[in-house]
Amino acid sequence: MNKDQTYMQLALTQAKEAFDKDEVPVGAVIVHKDKIIAKAYNNVELLCDPAAHAEIIAITQAASFLQSKWLDDSTLYVTIEPCSMCAGALILSRISRVVYGAADPKTGGFGSKVDINNLGLNHRIEISGGTLENECAALLQEFFKKKRRAKRVFGDAI
């Protein structure tokens, strides 16, 4: 297993925490100079906050750890391609690299739906997609199948 796969496994562990808490299972880990400085998962439901995505929470943790708004020499590992909101925050953080698992054709901000790197902003991020893609996609698929089954059984009570 290479370094990207190892860190993505840790992001998947975070995503499984989200799954267990009935959050959309997205996990994120930020690594700075080979040291993990942030770990997070979605908390949208818990916090009733549409911005409480794993990436945003991890960015906040990493910036606090580094005591800097810039995440130079840092890599985000996240189980799904960041949405446009998260992609924008990553640009603003000046993170060096993003490694994601599964592409997100509905909201992906690094090429699947839009590509924030092609907007001519003040920073470009190195992107690598498809790391442990099958495992990342399978967890998301399992979560949404579970949601659909529950909706069929309980109707609008959910």
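In the hydrophobic clustering of ILVMFWY residues, with side-chain heavy atoms under 4.5 Å counting as a link, L47 and M85 come out apart. Placement of I95 and L121 within a single hydrophobic cluster is found when ILVMFWY residues are connected by side-chain heavy-atom separations under 4.5 Å, directly or transitively. Taking hydrophobic clusters as Ile, Leu, Val, Met, Phe, Trp and Tyr residues chained together by side-chain heavy-atom distances below 4.5 Å, L10 shares a cluster with I37. No continuous path of hydrophobic side-chain contacts links V99 to I57 [ILVMFWY only; heavy atoms under 4.5 Å]. Connection of L66 to I56 is not established within any shared hydrophobic cluster, with ILVMFWY side chains joined at heavy-atom distances below 4.5 Å, either directly or through further cluster members.
The CD1 atom of I116 sits 8.5 Å away from atom CG of L90, with the distance rounded to the nearest 0.5 Å. To the nearest 0.5 Å, the span separating CG on L71 from CG on L76 amounts to 9.5 Å. In this structure, CG in D104 is found 4.0 Å from CD1 in I80, a value given to the nearest 0.5 Å. To the nearest 0.5 Å, atoms CZ (F110) and CG (D115) are separated by 7.5 Å. Put simply, CG on L46 and CG on N43 are 5.0 Å apart, with the number rounded to the nearest 0.5 Å. The CD1 atom of I125 lies 5.5 Å from the CD1 atom of I127; values are rounded to the nearest 0.5 Å.
Remark: the backbone N or O of V31 is not paired with any side-chain donor or acceptor of T75 at under 3.5 angstrom. With hydrogens and angles ignored, the 3.5 Å screen pairs a side-chain donor or acceptor of N42 with a backbone N or O of A54. Listed for the S74 side chain is no donor-acceptor partner under 3.5 Å among the backbone atoms of H32. Between the side chain of Q5 and the main chain of N2, a donor-acceptor pair closer than 3.5 Å is present. Looking at E45, its side chain never comes within 3.5 Å of a backbone N or O of E23 through a donor-acceptor pair.
Within the structure, ring-ring contact (aromatic ring centres under 6.0 Å, His included) contacts touching residues 71-97 (residues at least two apart or in different chains) are Y7-Y77. Contacts classified as side chain to side chain donor-acceptor pair (under 3.5 Å) and involving residues 58-67 (residues at least two apart or in different chains) are not found. Judged as a salt bridge (Lys or Arg N to Asp or Glu O under 4.0 Å), the pairs with a partner in residues 116-140 (not counting sequence neighbours) are, in order, R97-E126.
Looking only at side-chain heavy atoms (C-beta outward), V24 and F144 come within less than 4.5 Å of each other. Between L132 and T79 there is no side-chain heavy-atom pair separated by less than 4.5 Å. Counting only heavy atoms from C-beta outward, the side chains of V98 and S128 never approach each other to under 4.5 Å. The closest side-chain heavy-atom distance from K113 to T107 is not below 4.5 Å. With a 4.5 Å cut-off on side-chain heavy atoms, I30 and I36 do not count as touching. In this structure, Q9 and M1 have side chains that are in contact, with non-hydrogen atoms separated by less than 4.5 Å.
When all heavy atoms of E55 and V78 are compared, the closest pair comes out as OE2-CG2, 3.7 Å. Considering all non-hydrogen atoms of both residues, V44 and P50 come closest at CG1-CA, 4.2 Å. Considering all non-hydrogen atoms of both residues, A87 and G109 come closest at CB-O, 4.0 Å. Contact detail for D73 and S96: the closest heavy-atom pair is N-OG, 2.8 Å. The two residues V114 and S84 make their nearest non-hydrogen contact at CG2-CB, 4.3 Å. The shortest heavy-atom contact between A15 and L139 is CB-CD2, 3.6 Å.
Applying the side chain to side chain donor-acceptor pair (under 3.5 Å) test to D22 and every residue at least two apart in sequence or in another chain returns K147. Take D34 and apply the salt bridge (Lys or Arg N to Asp or Glu O under 4.0 Å) test, not counting sequence neighbours, and it matches K3. When the side chain to side chain donor-acceptor pair (under 3.5 Å) test is applied to K16, no partner is found at least two apart in sequence or on another chain.
Paired with Y41 under the rule side chain to side chain donor-acceptor pair (under 3.5 Å), one option of Q14, K21, H53 passes, and it is K21.
With respect to E142 and K146, no salt bridge is recorded, no charged nitrogen being found less than 4.0 Å from a carboxylate O.
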